[in-house]
Amino acid sequence: MVALAAPEDEPYPTGFGATFGARGDRIADAVRAAVPGGVDVLLEAASVGSPAIGAVRDGGSFVAVTPPNAPAAERAVRVALVQARADGAELAELVGLVESGRLDLRVAKTFPFERVAEVHTLLAKGGFRGGGIVLVGDFASARTADDRRS
């Protein structure tokens, strides 16, 4: 397993046993430096898209998690798209994995729900690193207030 990340994030992927590669403009070259000939499967979750397909060996698989960034197939590389869907049972299983410590959530920052526009602006600028952004809301209070207005 090879993981590309910023140099300051190296301990995170190597802690899971991944071979570290520094993230940069030449993604395919960085991966092939760690795995000559290319990887069998590449899971692309960083919205890199086409520049990363060169890291996959001929006949391998490229899996994208963001639809607009899935590259066209080439060199018999299969391209697949995986998207999230609402599934209560699967979400409950993920919660259990987090609570048991088997799944690590990297939260970079939390914001109150009222600042959602600011969060959108931050994400649109790109380059936000260190985990996900979590919006925290007091939806029970909001629902009660809405009920009172009805």
For this session: For E93, look at atom CD and say whether over 12 heavy atoms of other residues, nucleotides or ligands are found less than 6.0 Å away.
Result: no
Exercise. With hydrophobic residues grouped by side-chain heavy-atom distances under 4.5 Å, do F20 and V31 end up in a single group?
Worked result: no
Exercise. Are the side chain of R78 and the backbone of G59 linked by a donor-acceptor contact shorter than 3.5 Å?
Worked result: yes
Seminar exercise, completed: Those residues at least two apart in sequence (or on a different chain) that pass salt bridge (Lys or Arg N to Asp or Glu O under 4.0 Å) with D40 are R57
For this session: Give a yes or no on whether L43 and V2 share a hydrophobic cluster (residues Ile, Leu, Val, Met, Phe, Trp, Tyr; joining criterion: side-chain heavy atoms under 4.5 Å apart).
Result: no
For this session: State yes or no: do L81 and V63 share one hydrophobic cluster built from I, L, V, M, F, W and Y residues joined by side-chain heavy-atom distances below 4.5 Å, directly or via other members?
Result: no
For this session: Indicate, with yes or no, if V65 and L42 share a hydrophobic cluster defined by side-chain heavy-atom contacts under 4.5 Å among Ile, Leu, Val, Met, Phe, Trp and Tyr.
Result: no
For this session: Grab the two heavy atoms, one from S61 and one from V56, that are nearest each other, plus how far apart they are.
Result: N-CG1, 3.6 Å
Problem set entry | Spatial distance of atom CG (D9) from atom OG1 (T14) [nearest 0.5 Å] | 10.5 Å
Exercise. For atom CZ of R26, is the number of surrounding heavy atoms from other residues, nucleotides or ligands below 6.0 Å larger than 12?
Worked result: no
Seminar exercise, completed: When every non-hydrogen atom of A28 is compared with those of G54, the smallest separation belongs to CB-C, 3.5 Å
Problem set entry | Heavy-atom check, side chain of V79 versus side chain of I53, under 4.5 Å | yes
Seminar exercise, completed: Output for pair (D58 CG, E74 CD), nearest 0.5 Å, gives 9.0 Å
Seminar exercise, completed: Heavy-atom nearest pair, D87 first then A89, reads OD1-N, 3.1 Å
For this session: Report yes or no: do L91 and V98 belong to one cluster of Ile/Leu/Val/Met/Phe/Trp/Tyr joined by side chain heavy-atom distances under 4.5 Å?
Result: yes
Problem set entry | Pairwise distance CG(L97) to CG(D104) - rounded to 0.5 angstrom | 12.0 Å
Seminar exercise, completed: When every non-hydrogen atom of R32 is compared with those of G38, the smallest separation belongs to NH1-N, 3.6 Å
